[in-house]
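Notes to accompany the following structure.
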Amino acid sequence: MKVIHRFVAGVALLPFVLGCGSGADSESADIIPFCKMERLSFSELPGQVFSAMEYIVPETGKNQDMLFSSVDQVEYKDDKLYILDWRYRRLVVFDSDGQPVSSLRRQGRGPGEYLQISAFDVDSDGTMWILDAQKDVLNAYGADGVFRESMPLPFQTDFLKCLDNGKFLFKLATWDESDYKGKCILLTDRNLNVEEAFVEYGPTDPNFELSSPGLNDCGDFFIYHFPICDDVYRLSKDGIPEKEYHFDFGSRTVPEEARTDIESSLDDFDGYTALAGALYMDDAVGIGTIYDSRDYKGFFMDRKSGKVYVQDSGHACLTFVGVSGGVAVFYIPGGSGGADFLPDDIRQASGAGDDVFALLPVDRCRL
């Protein structure tokens, strides 16, 4: 299956109505005029952005348990970097100095085991909550990796977030067949009893989807976005929708007919732009990824000046992989070229084949 695209439409959130689609400008939405912003490159970013970055170089050494082949989800909490490797079916943890902390790999069908880590999150006491979408269960492991409990899921989901009050936010899968079929977000209590269901899925193309984690922990709030919808939703730390942003890509907006039949429209995507990947959004700053002319490109947005800085070839190695606790996390694969913006020691490590993670506190990147 060729994975490029999924579309969300027809959204209604209380206490206000939110619209999702290719140009549905809700009266309550904060319009982001992306198409009218002055477009610059990462090379033209103010120096404070890269100088504010801190770096972690994971020390895997000869420890086979700490190796990872892909970076499918990243969380940075309490000075620990959690990396999900979907291929190896493991979760590896490093401290802020890059030293190994733990590795969780419990593949199997027995008690305390999983078939796949579809997604994960870490709560305030360090418990790792592992979502296994193949078995439709949620497993909990202590910070020491010891299995604690397993709960069957009464719905099908592919992403989760732990709330500080002990509750959960889940992104429902498009293939969910539960009583909440067609919804995008569920708020549940600690025992997975559904308290609220938000956002309705519209028509989707089951064969294509853009990369997106769905939910981002932006520190004081969560951001929900699911491509190829142009609308973004801000949720409180209690999981309640409180604001909508609408991205206006002007003439490059993906038309309605192309959203549900990508394959026959694929060549036309050379002229389209859509939101994709991880995303941070507030009244002053936007950080995220766009799918632009069939290529993923990171962006920094200065809403006050009306400028948007889009990733260029000199920063092609920098991949925005998530937001965790208000920290934007970027991944630089080992051996990447074009990393001249990195400090000398980090550039040398990257050139020698070491993977690098760059951490940028969003409150330090006001442009």
Side-chain angles (χ1 to χ4, degrees), residues 47-106 117 119-130 141-146 162 164 213 216-219 278 280 287 298 315 317-365:
Q48 72 215 48
V49 173
F50 294 114
S51 65
M53 286 183 173
E54 298 180 356
Y55 300 91
I56 295 178
V57 181
E59 297 288 343
T60 56
K62 297 181 179 180
N63 188 342
Q64 296 295 315
D65 290 336
M66 300 304 298
L67 294 176
F68 54 92
S69 63
S70 63
V71 177
D72 298 293
Q73 183 186 341
V74 173
E75 301 292 336
Y76 183 67
K77 296 192 175 183
D78 295 325
D79 295 325
K80 294 185 180 66
L81 184 71
Y82 298 78
I83 304 168
L84 169 60
D85 183 334
W86 190 90
R87 179 182 176 186
Y88 280 178
R89 291 172 169 81
R90 68 171 52 152
L91 181 63
V92 292
V93 187
F94 298 88
D95 65 20
S96 58
D97 294 323
Q99 296 302 308
V101 174
S102 64
S103 175
L104 181 64
R105 188 179 187 184
R106 299 286 185 82
I117 305 179
F120 77 96
D121 199 14
V122 183
D123 68 18
S124 57
D125 69 2
T127 300
M128 296 177 286
W129 293 89
I130 304 301
Y141 302 86
D144 54 5
V146 175
C162 302
D164 292 340
N216 292 278
D217 177 4
C218 295
Y280 174 89
I287 309 173
H315 300 79
C317 64
L318 197 65
T319 301
F320 184 31
V321 292
V323 188
S324 187
V327 176
V329 183
F330 300 83
Y331 173 51
I332 304 169
S336 298
D340 292 341
F341 63 94
L342 295 173
D344 290 343
D345 57 337
I346 301 300
R347 185 171 64 252
Q348 291 172 6
S350 176
D354 292 332
D355 291 306
V356 175
F357 292 85
L359 309 179
L360 176 63
V362 293
D363 61 0
R364 294 184 59 190
C365 64

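One is the number of the first residue; the rest follow in order along the sequence.
- Between the side chains of Ser324 and Asp217, no donor-acceptor pair is found at a separation under 3.5 Å.
- A donor-acceptor distance shorter than 3.5 angstrom exists from the side chain of Ser103 to the backbone of Asp65, with no hydrogens or angles considered.
- Aromatic rings of His315 and Phe50 (six-membered ring for Trp) have centroids within the 6.0 Å cut-off, being under it.
- Within the 3.5 Å criterion, the main-chain N or O of Cys162 finds a donor-acceptor partner in the side chain of Asp121.
- Between Thr60 and Met66, the shortest heavy-atom distance links the atoms CG2-O, 3.4 Å.
- Of all heavy-atom pairs spanning Asp144 and Val146, the tightest one is OD1-N, 3.1 Å.
- Scored by the side chain to side chain donor-acceptor pair (under 3.5 Å) test, Arg105 finds no partners at all (sequence neighbours excluded).
- A distance of 13.5 Å separates CD1 of Ile56 from OH of Tyr331, quoted to the nearest 0.5 Å.
- The backbone N or O of Arg347 sits nowhere less than 3.5 Å from a side-chain atom of Ser350 that would complete a donor-acceptor pair.
- Contact of the Tyr76 side chain with the Ser96 side chain is registered, since non-hydrogen atoms from C-beta on lie closer than 4.5 Å.
- Judged purely by distance below 3.5 Å, without hydrogens or angles, the side chains of Asn216 and Tyr280 never pair a donor atom with an acceptor atom.
- Under a 3.5 Å cut-off, the side chain of Ser51 and the backbone N or O of Gly47 do form a donor-acceptor pair.
- Between the side chain of Arg90 and the backbone N or O of Leu67, at least one donor-acceptor pair lies under 3.5 Å.
- Counting only distance, with no hydrogens or angles, the side chain of Asp95 and the backbone of Asp97 share a donor-acceptor pair below 3.5 Å.
- The CE atom of Met53 sits 7.5 Å away from atom CD1 of Ile332, with the distance rounded to the nearest 0.5 Å.
- Pairing each heavy atom of Arg87 with each of Asp72, the nearest pair is N-OD2, 4.2 Å.
- A donor atom on one side chain and an acceptor atom on the other are found under 3.5 Å apart for Asp85 and Ser69.
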